[in-house]
**Q** 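This is the structure I want to talk about, given as structure tokens.
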Amino acid sequence: MTEPIHRLIEQYGLIAVFLGCVAEGESAAILGGFFAHQHIFVLWQAFLAAFLGAFAGDTAFFTLGRSFADHPYVVRLRRRPGFRRAYRLLNTHPNIFVLTNRYIYGMRLVGGIAAGLSTVSVPRFVILNAISSAVWAALFGTVGYVFGLGAERMVGQAFARHERVLVALAVGIAVAVLAGLVARHFAGRERAKDAKEDQAES
């Protein structure tokens with residue numbers, strides 16, 4: 001069973017890393033780094049796939065906000081928890097916000113939409129987003145690579161290659177679940193803050 005999985009990862013793994021990083025995909029970037037340590041990917045290819053996915057995702061959210069502000073989907077996103085806070089931060093500290101938004105769980109999508117609706121220019125966003133995406137890809141890809149080193153030291157060189165693949169998949173699922181829980185936690189806090197602000201304004 002593990003051989004077909006191994007072949008699938010070799011053939012389509014980098015595409016999966018790219019697509020995973022288009023969304024809020026820290027787990028995809030970590031898996032890319034882990035598989036690079038196992039020599040399934042080349043490390044720079046894993047970094048590049050994560051960078052391109054992250055950059056494409058944020059640029060897509062920005063474009064949605066900039067060009068489709070009145071679309072029903074965008075209108076719904078503007079009602080999500082944290083949007084108003086993100087928009088205020090963008091207007092006061094635009095450079096810092098664009099550089100750091102992707103590191104806040106659950107805020108990447110609304111932050112990208114908010115950036116598109118703000119006065120941040122397209123060239124400025126593209127440059128800042130490229131810097132942020134590159135650092136993000138290197139950071140989480142390195143986390144995955146270092147995890148591979150740690151796993152090898154813990155279990156030794158005898159750790160079979162197909163077992164490493166299964167461990168990496170388990171790690172990816174665990175990270176994705178953890179990220180989801182953290183995102184829900186912060187979304188709940190943002191929802192509560194927005195409700196308090198609504199009461200104060202009324």
**Q** Check the pair Val98 / Phe125 against side chain to side chain contact (heavy atoms under 4.5 Å, CB included), numbers first and verdict last.
**A** CA-CA 7 Å; Val98 175; Phe125 178 83; 3.9 Å; yes

**Q** Would you name the heavy atoms of Ala46 and Gly33 that are closest together and state the gap between them?
**A** CB-N, 4.4 Å

**Q** With hydrophobic residues grouped by side-chain heavy-atom distances under 4.5 Å, do Leu90 and Ile96 end up in a single group?
**A** no

**Q** Just by modelled atom types, is the Leu89 backbone N or O under 3.5 Å from a matching donor or acceptor in the Thr92 side chain?
**A** yes

**Q** Can you tell if the side chain of His71 reaches within under 4.5 Å of the side chain of Leu64, non-hydrogen atoms only?
**A** no

**Q** Kindly compute the distance separating CG (Leu48) from CG (Leu14), expressed to the nearest 0.5 Å.
**A** 9.0 Å

**Q** Could you check Thr59 against Val126 for side chain to side chain contact (heavy atoms under 4.5 Å, CB included), going step by step and ending with a plain yes or no?
**A** CA-CA 7 Å; Thr59 302; Val126 167; 5.6 Å; no

**Q** On a heavy-atom basis, which atom in Val42 and which in Ala36 lie closest, and how many Å separate them?
**A** C-CB, 4.3 Å

**Q** Search all heavy atoms of Arg66 against all heavy atoms of Val122 and return the closest pair with its distance.
**A** NH1-CG2, 3.9 Å

**Q** With ring pair (Phe, Tyr, Trp, His ring centres under 6.0 Å) as the test, pick out the partner of Phe35 among Phe47, Tyr145, Phe41.
**A** Phe41

**Q** Using the test side chain to side chain contact (heavy atoms under 4.5 Å, CB included), find all partners of Ala86 that sit at least two apart in sequence or belong to another chain.
**A** Phe97, Met107, Ala114

**Q** Looking at side-chain heavy atoms only, is the closest gap between Arg124 and Pro94 below 4.5 Å?
**A** yes

**Q** So, the side chain of Arg102 versus the backbone of Trp136: is there a donor-acceptor pair under 3.5 Å, distance only?
**A** no

**Q** Hey, are the side chains of Ser132 and Tyr103 touching, using non-hydrogen atoms and a 4.5 Å cut-off?
**A** yes

**Q** Counting only N and O atoms by type, is there a donor-acceptor contact under 3.5 Å from the side chain of Thr142 to the main-chain atoms of Ala138?
**A** yes

**Q** Which heavy atom in Val17 sits nearest to a heavy atom in Ala49, and how many Å separate them?
**A** CG1-CB, 4.0 Å

**Q** Quick one: OG on Ser121 to CG on Leu128, what's the gap to the nearest 0.5 Å?
**A** 8.5 Å

**Q** If you measure only the distance, is there a donor-acceptor pair under 3.5 Å linking the side chains of Asn91 and Ser118?
**A** no

**Q** What I'd like to find out is whether the side chain of Arg78 reaches to under 4.5 Å of the side chain of Leu117, using heavy atoms alone.
**A** yes

**Q** SG of Cys21 to CZ of Phe55: how many Å apart, nearest 0.5 Å?
**A** 14.0 Å

**Q** To the nearest 0.5 angstrom, please state how far the CZ atom of Arg88 sits from the CZ atom of Phe83.
**A** 11.0 Å

**Q** Do Phe61 and Val75 sit in one hydrophobic cluster, given that two such residues count as connected whenever their side-chain heavy atoms are within less than 4.5 Å of each other, even indirectly?
**A** no

**Q** What is the distance from atom OH of Tyr87 to atom CD1 of Ile113, rounded to the nearest 0.5 Å?
**A** 12.5 Å

**Q** Can you tell me how far the OG atom of Ser133 sits from the CG atom of Leu99, to the nearest 0.5 Å?
**A** 10.0 Å

